[in-house]
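First the structure, in the form of structure tokens, and then the observations on it.
Just follow the structure's listing: the first ligand is 1, and inside any ligand the first atom is 1. We use all heavy atoms of the structure for the numbers below, so side chains are in, but hydrogens, waters and symmetry mates are not.
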Amino acid sequence: MSLMRSLLLAAAQNQWLREHASRFWFVRGSVSRFMPGETLDAALAAAVALRSKRIGTVFTHLGENVKDGAEAQQVTEHYLEVLKRIRESGLPAEISVKLTQLGLDLSPDLCFEHLNAIVESAQKDSVVWVDMEASNYVDATLDLYRRALTAHPNVGVCLQAYLHRTKDDLAELLPLQPSIRLVKGAYNEPPEIAYPRKQDVDENYFQLGKQMLLAKKENRCVRAAFGTHDVTLMQQLADFASAEGFGKKDFEVQMLYGIQRSEQERLASEGCTCIVLVSYGDYWYPWFVRRLAERPANLWFMVRNVFAA
Ligand SMILES: Cc1cc2nc3c(=O)[nH]c(=O)nc-3n(C[C@H](O)[C@H](O)[C@H](O)COP(=O)(O)OP(=O)(O)OC[C@H]3O[C@@H](n4cnc5c(N)ncnc54)[C@H](O)[C@@H]3O)c2cc1C
């Protein structure tokens with residue numbers, strides 16, 4: 001892992017920076033590249049614009065590691081409101097939640113109650129996605145995911161290709177007919193747990209992606225979604241899908257708002273299922289710094305903002 005990426009991922013966890021950096025105007029200015037605004041209305045407006053390009057949306061309200069039950073309850077109620085707004089607007093939209101924002105640090109049972117209430121309220125033909133957080137949460141996340149999936153088929157989970165364990169996790173999930181969003185992984189993990197070299201992560205992603213597509217072909221994977229901006233990987237997986245007889249619509253890519261916009265539009269115009277994850281909310285600091293770590297060149301946007309005043 002590059003030194004800059006490690007430094008940025010450490011900064012994402014730093015309490016002092018978390019409290020202070022988000023007040024600087026040039027930081028706030030740079031964030032707008034990755035999110036349309038802090039409010040749900042701003043996120044909904046972005047989804048309307050994406051719909052006109054045949055791109056679907058997944059909403060996520062930024063936040064993690066909530067410290068008390070009342071806050072976890074508030075987040076749950078917020079997501080129930082988001083689902084209501086999606087139903088009313090008729091937008092092709094879903095949501096993605098972080099379990100530590102629904103109270104996982106407080107009690108797995110409480111967190112499950114919240115997740116269950118959210119999935120019950122979602123439209124049955126849409127998926128509620130569960131994000132994957134740092135490696136110390138993987139077991140608990142998969143446990144709760146399995147519980148939720150037993151009760152409701154319309155719940156999906158994110159798996160991270162940088163983890164050595166993901167191959168086994170995928171194999172254990174497939175008999176349950178899951179929906180899976182495969183990503184590379186955004187946290188700072190040691191080499192005992194995660195592949196340190198980018199080419200190994202990419203290769204593992206490709207192998208896992210092929211398994212997901214083969215499982216989808218046999219109806220063992222309800223949604224096989226590729227959460228990546230890596231154009232080469234996407235093309236390799238699209239070629240594999242096409243060789244296996246999948247139509248364009250059955251090839252699903254999910255990307256983050258503001259990243260590879262032209263690629264998002266190209267995929268959608270070719271008939272692939274293209275979905276953009278739109279984040280909003282005021283707790284954006286750690287999430288934003290993880291975006292910088294994915295591409296340290298993004299730091300230049302911030303530097304340019306300092307001098308643009
Ligand atoms: C829909 C979605 C959901 C996600 N959910 C999770 C999750 O639950 N848990 C988790 O750990 N991670 C999650 N991630 C983040 C993911 O793990 C990666 O950190 C992130 O997607 C960058 O990896 P990449 O696959 O795009 O490949 P990379 O090899 O990092 O990037 C490929 C190319 O994409 C472009 N690019 C990538 N990132 C950026 C950026 N930040 N700014 C500008 N250009 C960029 C660059 O051109 C780069 O060369 C999610 C990502 C997506 C798209």
Side-chain angles (χ1 to χ4, degrees), residues 1-2 4-5 8-9 12-13 30-35 50 55-60 62-64 93-101 104 127-138 141-142 145 156-163 165-166 169 179-189 193-195 197-206 208-209 223-237 252-264 267 273-279 284 286-302:
M1 197 192 307
S2 77
M4 183 59 87
R5 177 164 143 79
L8 284 165
L9 287 175
Q13 296 309 118
S30 308
V31 171
S32 60
R33 185 165 178 253
F34 300 110
M35 59 187 258
L50 288 165
I55 298 175
T57 303
V58 172
F59 294 114
T60 197
L62 292 170
E64 51 203 56
E94 300 179 325
I95 59 169
S96 195
V97 300
K98 278 198 174 20
L99 294 187
T100 65
Q101 202 187 7
L104 182 59
V127 165
V128 171
W129 296 97
V130 175
D131 284 4
M132 190 57 80
E133 300 178 60
S135 59
N136 52 321
Y137 290 111
V138 176
T141 302
L142 292 179
Y145 175 63
V157 73
C158 176
L159 293 181
Q160 297 156 324
Y162 66 5
L163 295 183
R165 61 174 288 169
T166 296
D169 291 335
S179 286
I180 293 178
R181 176 178 73 215
L182 184 64
V183 303
K184 290 191 186 175
Y187 296 83
N188 203 2
E189 304 291 359
I193 291 180
Y195 295 102
R197 292 185 337 147
K198 179 173 158 43
Q199 60 259 53
D200 294 332
V201 178
D202 292 356
E203 177 55 25
N204 199 37
Y205 193 109
F206 184 48
L208 295 166
R223 293 262 296 271
F226 299 111
T228 184
H229 315 95
D230 187 326
V231 179
T232 309
L233 254 182
M234 263 185 258
Q235 192 55 54
Q236 286 171 339
L237 286 165
E252 176 172 348
V253 176
Q254 299 189 1
M255 295 194 220
L256 302 180
Y257 180 86
I259 301 180
Q260 302 278 36
R261 283 174 200 229
S262 55
E263 193 60 22
Q264 295 169 6
L267 284 163
T273 297
C274 181
I275 295 181
V276 165
L277 191 143
V278 173
S279 301
W284 43 257
W287 166 86
F288 170 61
V289 180
R290 286 199 289 271
R291 301 292 77 82
L292 294 181
E294 282 157 3
R295 192 163 178 259
N298 285 339
L299 279 169
W300 287 111
F301 287 99
M302 210 152 70

Tell me whether Arg290 reaches ligand 1 (any heavy atom closer than 4.0 angstrom to a ligand atom).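 No.
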
I'd like to know whether ligand 1 has Lys198 as a neighbour, heavy-atom separation below 4.0 Å.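 It does, in that a heavy atom of Lys198 comes within the 4.0 Å cut-off of ligand 1.
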
Output the list of atoms in ligand 1 that are nearer than 4.0 Å to some heavy atom of Gln254, sorted by atom number.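 Those atoms are 1 (C), 53 (C).
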
Looking at Asp131, which atoms of ligand 1 are within less than 4.0 Å of one of its heavy atoms?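 Counting from 1, the qualifying ligand atoms are 8 (O).
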
Protein heavy atom at shortest distance from [atom]:
atom: atom 17 (O) of ligand 1; value: Gly185 N, 2.7 Å
atom: atom 27 (O) of ligand 1; value: Lys184 NZ, 3.1 Å
atom: atom 2 (C) of ligand 1; value: Leu256 CD2, 3.7 Å
atom: atom 9 (N) of ligand 1; value: Met132 O, 2.7 Å
atom: atom 14 (N) of ligand 1; value: Val183 CG1, 3.8 Å
atom: atom 3 (C) of ligand 1; value: Arg181 NE, 3.4 Å
atom: atom 44 (N) of ligand 1; value: Arg295 CD, 3.1 Å
atom: atom 39 (C) of ligand 1; value: Ile259 CD1, 3.8 Å

Among Glu294, Gln160, Lys98, His229, closest by any non-hydrogen atom to atom 19 (O) of ligand 1: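 It is Glu294 whose heavy atom sits nearest to atom 19 (O) of ligand 1.
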
Might you point out which heavy atoms bring [X] and [Y] nearest each other, and give the distance in Å?
X: Ala186; Y: Arg291; answer: CB-NH2, 4.1 Å
X: Tyr195; Y: Leu163; answer: CE1-O, 4.3 Å
X: Asp131; Y: Lys98; answer: OD2-NZ, 2.9 Å

Close side-chain approach of [X] to [Y], heavy-atom, < 4.5 Å:
X: Tyr137; Y: Thr100; result: yes
X: Trp129; Y: Val58; result: yes
X: Leu256; Y: His229; result: yes
X: Phe288; Y: Leu292; result: yes

Would you give the length of the straight line joining atom [atom1] of [X] to atom [atom2] of [Y], rounded to the nearest 0.5 angstrom?
X: Glu133; Y: Leu104; atom1: CD; atom2: CG; value: 7.5 Å
X: Thr228; Y: Lys184; atom1: OG1; atom2: NZ; value: 5.0 Å
X: Leu267; Y: Gln260; atom1: CG; atom2: CD; value: 10.0 Å

Give the contacting part of [X] toward ligand 1: side chain, backbone, both or neither, where contact means a heavy-atom distance below 4.0 Å.
X: Thr228; answer: both
X: Glu133; answer: neither
X: Cys158; answer: side chain
X: Tyr187; answer: side chain

Counting only nitrogen or oxygen atoms and a 3.5 angstrom limit, does [X] reach ligand 1?
X: Met255; result: no
X: Arg291; result: yes
X: Leu292; result: no
X: Asp202; result: no

Determine the interplanar angle of the Tyr205 and Phe226 rings, folded into 0 to 90°, and report it as parallel if under 30°, tilted if 30 to 60°, perpendicular if over 60°.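 Answer is tilted, since the angle falls between 30° and 60°.
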
Under 4.0 Å from [atom], can you find at least one protein heavy atom?
atom: atom 34 (O) of ligand 1; answer: yes
atom: atom 31 (O) of ligand 1; answer: no
atom: atom 48 (C) of ligand 1; answer: no

Salt bridge Arg223-Glu94, side-chain N to carboxylate O under 4.0 Å: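 Here Arg223 pairs with Glu94 in a salt bridge, since their nearest N and O are under 4.0 Å apart.
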
Salt bridge (charged side-chain N to carboxylate O under 4.0 Å, His left out) for Arg290 and Glu64? Distances and angles first, verdict last. CA-CA 13 Å; Arg290 286 199 289 271; Glu64 51 203 56; 3.0 Å; yes

Taking it one step at a time, do Ser135 and Arg165 satisfy side-chain hydrogen bond (donor to acceptor under 3.5 Å, both in side chains)? CA-CA 10 Å; Ser135 59; Arg165 61 174 288 169; over 6 Å; no

